[in-house]
Amino acid sequence: MSWLAPAVLALLHALYRLVLVFKSVFRRDKEPLPLTAARSKTPLHLALVLVPNSAVDEETNERYMLESVVQTAGWCKVAGIRRLSVYDHEGILASSSLELRKRLLPPSETEEVEEDSPVECSIRYPLTPPPSDDAESRPLSPHSRPVSLKLGVTTIRFPNNTPKSKSKTSANRGSTKRRRVPPNEEKAEEPPLTLHILSYQSGKPAVAAAARAFLDDAQRRQPNSLNDPLALPSIQDLNAVLEGEHGFPSPDLMIVHQKPPVAQLHSPVQLGGFPPWQSRLTEIYCDPYPLNTFLWQESPLEDKSSIGEAEFRRALDEFASAEMRLGK
Amino acid sequence: MLPQLISSPFAWVRDQAAAKAQDALIAVLKAGPVPQHVAFILDGNRRYARSKGMPVKLGHADGFYNLRKMLEICIKLNVRCVSAYAFSIENFKRSPEEVAALMSLAEDKLLELCQKGDILDQYGIRLVVVGHRDMLPERVLAAAEKAENLTKNNNRAIFNLCMPYTSRDEITTAVHSTVQSRLEDETDDTEITAEEIEAHLMTSLSGSPPLDILVRSSGVKRLSDYMLWQCSEDAQLQFSSTYWPEFGLLDFMPIILDYQRKVWSKA
């Protein structure tokens, strides 16, 4: 009778698959609220975790991811989200940070950027380690800034548009047509956005790098730090490093998105190496039935070149309805 | 009186049938691949209690019984390691009465689990209390150590009872012990790697295999400082809307099926 259990299991899986197909095809989700709708709460910091599709080539994945970041950054600005972190495991986004910067700068900015004028947005690349003689690098006390840390985070700050060139801001109309602001009112400022570009290196390896820095600090402070409990970092110390200026803070909401077409009818979300330290209280959103989204998306003729706006809005809706008890 | 005389054998038959059905379903699921390590966030005890008009204390008690039930189901499925988020360091922020009630429950249940014939003994489960132990009241710590000692030679499965635990505390402790051991061994000047930190995590020290599935009940879709490191890569995160005391094999079944689909799709 040893064939019975596997046979029943196969049947169970067939039934389960049928249920998933049914849900994928027939489920009709409520239309999500518009981007500019007033929600009870909006995340201050959104993370976009992009998963490439192994069925397509690298270049297609890269294009899809870059376009998704550009689109998401635009929606963030409209929805009032000031900080966006974008992650992919392999660092495809990290190696395209210049491209991203170019595409995310408003057109008026790029026109003004000449060779000898200073670029207004600041890019902080992961620092290279200092030369072997590190006598000059400063100690890692809670109040001093760590200089010899490689935390794998690229941060780009996009500034406001300068009001001096009002005529040029009309060039931005194309990307902001969904704003509540009536078209005839001149809006000289584009909301600022801080973009963190992350990869696997920004996560577990960054914790290891922080540990290394604390070790160096302890070794430098006194010859024998073994008996000094202050030599070992507290949670707050580690947090100050990982979420500090060379790292990035914890996002409130995370959207995990795989480039379609997705192989599985339904699969539970996986974080794909997203930095663990910062995912502590992050609300996790992942489209449970990507095939359903694919079939029912608002404009079927829309080029599937990036994540869709409906998915973004749905994530915001879910975030607004989440309760936070914080242990209490 | 008469209705009871009729209904109690009825109830007995029903319970027996349910138990047999459960065993049959477990036998079927076991025929396919089974996760090595499953972690549970036991969320929703209080909301469950309020929904039934019960005091919160009873919600937690029912939550414990369900933990025992789910642990047994997992062991019968041949899951090698089960971890449960029983108490967060953040939970100390709750009212002193509730914290005291939870600590008292923990002490009672730990002693109960220690008894001969109880689940740890019956299934050969090694209990490990994972977390910042010195925050526990003395009596609870004593009960925890007793349970750990009694089961330390069991080798069929591992049960990580996380209390009081937060992942950031676990990671920081791992960083501490990594830095500490490097300070002690000055000859080692190699780069500190993520693997080295991982080896110092409490779950690694208890011998737990990598995490395959994390289940959170009550519909919340966050990790809330639980096993952030262990979940971060390819653990499947399953968010069930059922409150923990009501979470059973039928809620668990699609989770196992999803796991099997993943394993088979990779093959």
Side-chain angles (χ1 to χ4, degrees), chain A residues 2 4-9 12-13 16-17 19 89 203-212 214-215 218-219 224-226 231-235 237-239 263-286 318 322-328, chain B residues 24-25 27-32 88-95 166-169 171-172 174-176 178-180 182-184 186 191-198 213 220-225 228-239 253-255 257-262 264-265:
Chain A
S2 62
L4 184 60
V8 177
L9 185 62
L12 200 54
H13 270 279
Y16 187 53
R17 206 183 144 77
V19 168
H89 187 274
K204 293 180 177 178
V207 177
R212 179 86 231 177
F214 282 112
L215 176 64
Q219 282 169 337
N224 179 16
S225 298
L226 273 177
L232 298 174
S234 63
I235 298 181
D237 293 334
L238 201 47
N239 194 52
Q264 292 273 12
L265 280 173
H266 159 73
S267 50
V269 60
Q270 293 179 189
L271 297 179
F274 186 84
W277 186 267
Q278 284 86 345
S279 59
R280 182 172 78 112
L281 292 176
T282 310
E283 190 73 21
I284 299 169
Y285 177 82
C286 182
E318 233 185 67
E323 287 171 33
M324 300 279 267
R325 275 166 295 274
L326 296 171
K328 292 201 272 288
Chain B
L25 183 52
V28 165
L29 291 172
K30 228 161 68 167
S88 166
I89 296 176
E90 300 293 316
N91 293 153
F92 280 119
K93 285 191 234 167
R94 293 184 180 180
S95 70
T166 62
S167 192
R168 282 192 176 183
D169 180 74
I171 295 172
T172 306
V175 168
H176 273 206
T178 304
V179 170
Q180 186 92 320
R182 289 304 193 97
L183 285 174
E184 283 165 11
E186 287 172 9
E191 268 311 304
I192 297 180
T193 60
E195 288 72 27
E196 190 173 341
I197 309 269
E198 180 152 337
I213 306 174
V220 175
K221 297 191 178 151
R222 294 188 290 275
L223 294 175
S224 298
D225 220 340
L228 303 176
W229 186 285
Q230 295 85 337
C231 280
S232 131
E233 293 185 58
D234 53 9
Q236 292 181 314
L237 307 183
Q238 293 276 15
F239 301 114
M253 184 183 64
I255 292 174
L257 295 179
D258 280 340
Y259 176 78
Q260 292 177 336
R261 286 164 56 82
K262 174 181 172 180
W264 284 330
S265 74

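Proteins get letters first, then strands, A, B, ... in listed order; numbering begins at 1 in each.
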Residue selection (most heavy-atom pairs with chain A, distance under 4.5 Å) from [options]:
options	value
B/R168, B/R94, B/K93	B/R168
B/R182, B/E90, B/R222	B/R222
B/D258, B/I197, B/V175	B/D258
B/I171, B/T178, B/V220	B/I171

Contact class of [X] relative to chain A, heavy atoms under 4.5 angstrom:
X	answer
B/S167	neither
B/I255	neither
B/Y259	neither

Please flag which part of [X] lies under 4.5 Å from any non-hydrogen atom of chain B: side chain, backbone, both or neither.
X	answer
A/F274	backbone
A/E318	side chain
A/L238	side chain

* To do: Given side chain to side chain contact (heavy atoms under 4.5 Å, CB included), test A/L281 with B/D225 step by step and report yes or no.
  => CA-CA 7 Å; A/L281 292 176; B/D225 220 340; 5.8 Å; no
* To do: Taking B/K221 for its side chain and A/Y285 for its backbone only, find out whether a donor-acceptor pair lies under 3.5 Å.
  =>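 Looks like no, no N/O pair under 3.5 Å.
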* To do: Take A/R17 and B/R261, measure what side chain to side chain contact (heavy atoms under 4.5 Å, CB included) needs, and give me the verdict at the end.
  => CA-CA 10 Å; A/R17 206 183 144 77; B/R261 286 164 56 82; 3.9 Å; yes
I'd like to check [X] versus [Y] (side-chain heavy atoms, cut-off strictly below 4.5 Å). Are they in contact?
X	Y	result
B/L223	A/T282	no
A/Q278	B/L228	no
A/W277	B/T172	yes
B/L29	A/L12	yes
B/S224	A/R280	no

Which one of [options] has the most heavy-atom pairs closer than 4.5 Å to chain B?
options	result
A/I235, A/V19, A/V8	A/I235
A/A208, A/A211, A/A206	A/A208
A/A7, A/P205, A/G272, A/S267	A/G272

* For the salt bridge (charged side-chain N to carboxylate O under 4.0 Å, His left out) test, which of B/E195, B/E196, B/E233 pairs with A/K204? -> B/E233
* Asked: So, for A/P268 and B/Q238, which heavy atoms are closest and what is the spacing to 0.1 Å?
  ->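 Smallest heavy-atom distance, with atoms named: CG-NE2, 3.4 Å.
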